[in-house]
Novice: 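There's a structure below that I have some questions on.
Predicted model, so just to flag it, every value in this text is computed and none were measured.
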Amino acid sequence: HLMKAFFLNSTRILEHNAKIYWSIIFGIAACLILFIAEAVHIQNFMATLNTQDQNALYAAIQPLTQRYSYSRYLVLILAVLWSVYEYISTKKKLGL
């Protein structure tokens, strides 16, 4: 009974606020854009290094990949927080 009520309330909330969907779409799109930017950035960076030493290449690229990973994590956290905020505010408006 509780699960049924939860899903019915969740469905009503999602129907009344499209921003919940947009927050999820924004998070996914931003992560994809960051992933593509990372690939292009690293490819250009590798071309400027012009070295065959794998250890030096790894040491030079590692900080870049770490920053992009942190950026993606931050974007996902912000998207989840945005969707939770929209969900809670809509739930309060509907009195659920």
Side-chain angles (χ1 to χ4, degrees):
H1 183 322
L2 290 175
M3 289 300 284
K4 184 178 179 181
F6 170 77
F7 284 116
L8 288 175
N9 288 338
S10 296
T11 304
R12 284 187 55 204
I13 291 168
L14 289 171
E15 287 174 351
H16 284 87
N17 192 349
K19 289 180 184 177
I20 297 170
Y21 292 116
W22 284 113
S23 64
I24 295 166
I25 292 169
F26 168 78
I28 293 169
C31 284
L32 287 173
I33 290 169
L34 281 170
F35 184 74
I36 292 168
E38 177 184 6
V40 170
H41 190 182
I42 288 175
Q43 189 175 27
N44 290 338
F45 188 65
M46 286 174 52
T48 59
L49 284 179
N50 198 19
T51 183
Q52 297 300 323
D53 183 10
Q54 294 296 319
N55 291 329
L57 199 57
Y58 178 79
I61 291 173
Q62 186 59 31
L64 285 176
T65 59
Q66 195 67 35
R67 280 190 225 134
Y68 278 105
S69 292
Y70 289 150
S71 298
R72 284 192 296 272
Y73 296 146
L74 179 64
V75 164
L76 285 176
I77 290 169
L78 290 175
V80 167
L81 290 176
W82 180 19
S83 67
V84 168
Y85 169 76
E86 293 295 339
Y87 183 89
I88 290 172
S89 65
T90 305
K91 187 175 179 178
K92 285 182 183 177
K93 285 179 191 175
L94 295 175
L96 299 174

Novice: Using the rule that Ile, Leu, Val, Met, Phe, Trp and Tyr join whenever any side-chain heavy atoms are under 4.5 Å apart, tell me whether Ile88 and Val80 fall into a single cluster.
Specialist: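 Yes; Val80 is reachable from Ile88 via cluster members.
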Novice: For residues Tyr85 and Ile13: do they belong to one hydrophobic cluster (side chain heavy atoms under 4.5 Å, members Ile, Leu, Val, Met, Phe, Trp, Tyr)?
Specialist: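 They do not share one cluster, since no chain of ILVMFWY contacts under 4.5 Å joins Tyr85 to Ile13.
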Novice: Taking transitive links into account, so neighbours of neighbours count too, which hydrophobic residues share a cluster with Leu81 at under 4.5 Å side-chain distance?
Specialist: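 Other cluster members: Ile77.
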Novice: Only pairs under 3.5 Å count here: list side-chain donor-acceptor contacts from residues 24-50, not counting sequence neighbours, and write none if there are none.
Specialist:
residue, atom, partner, partner atom, Å
Glu38, OE1, Arg72, NH1, 2.7
Glu38, OE1, Arg72, NH2, 3.3
His41, ND1, Tyr68, OH, 2.9
Asn44, ND2, Val40, O, 3.4
Thr48, OG1, Phe45, O, 2.7

Novice: For a quick test of reading the model, state the closest non-hydrogen atom pair linking Arg12 to His16 and the distance between them.
Specialist: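 Nearest pair, atom of Arg12 first, then His16: O-ND1, 2.7 Å.
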Novice: Do Leu94 and Tyr87 share a hydrophobic cluster, counting only Ile, Leu, Val, Met, Phe, Trp and Tyr and linking them when any side-chain heavy atoms are less than 4.5 Å apart?
Specialist: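 Yes.
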Novice: Quick check: do Ser89 and Glu86 have side-chain heavy atoms less than 4.5 Å from each other?
Specialist: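 Counting from C-beta outward, Ser89 and Glu86 do come under 4.5 Å.
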Novice: Please identify each residue that fulfils side chain to side chain donor-acceptor pair (under 3.5 Å) with Ser23, with sequence neighbours left out.
Specialist: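 Scan of Ser23 (side chain to side chain donor-acceptor pair (under 3.5 Å), adjacent residues dropped) gives none.
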Novice: Do Tyr58 and Gln54 get their side chains close enough for a donor-acceptor pair, meaning under 3.5 Å?
Specialist: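 No, no side-chain donor-acceptor pair sits under 3.5 Å.
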Novice: If you measure from OG on Ser10 to CD1 on Ile20, what distance do you get to the nearest 0.5 Å?
Specialist: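 That separation rounds to 9.0 Å.
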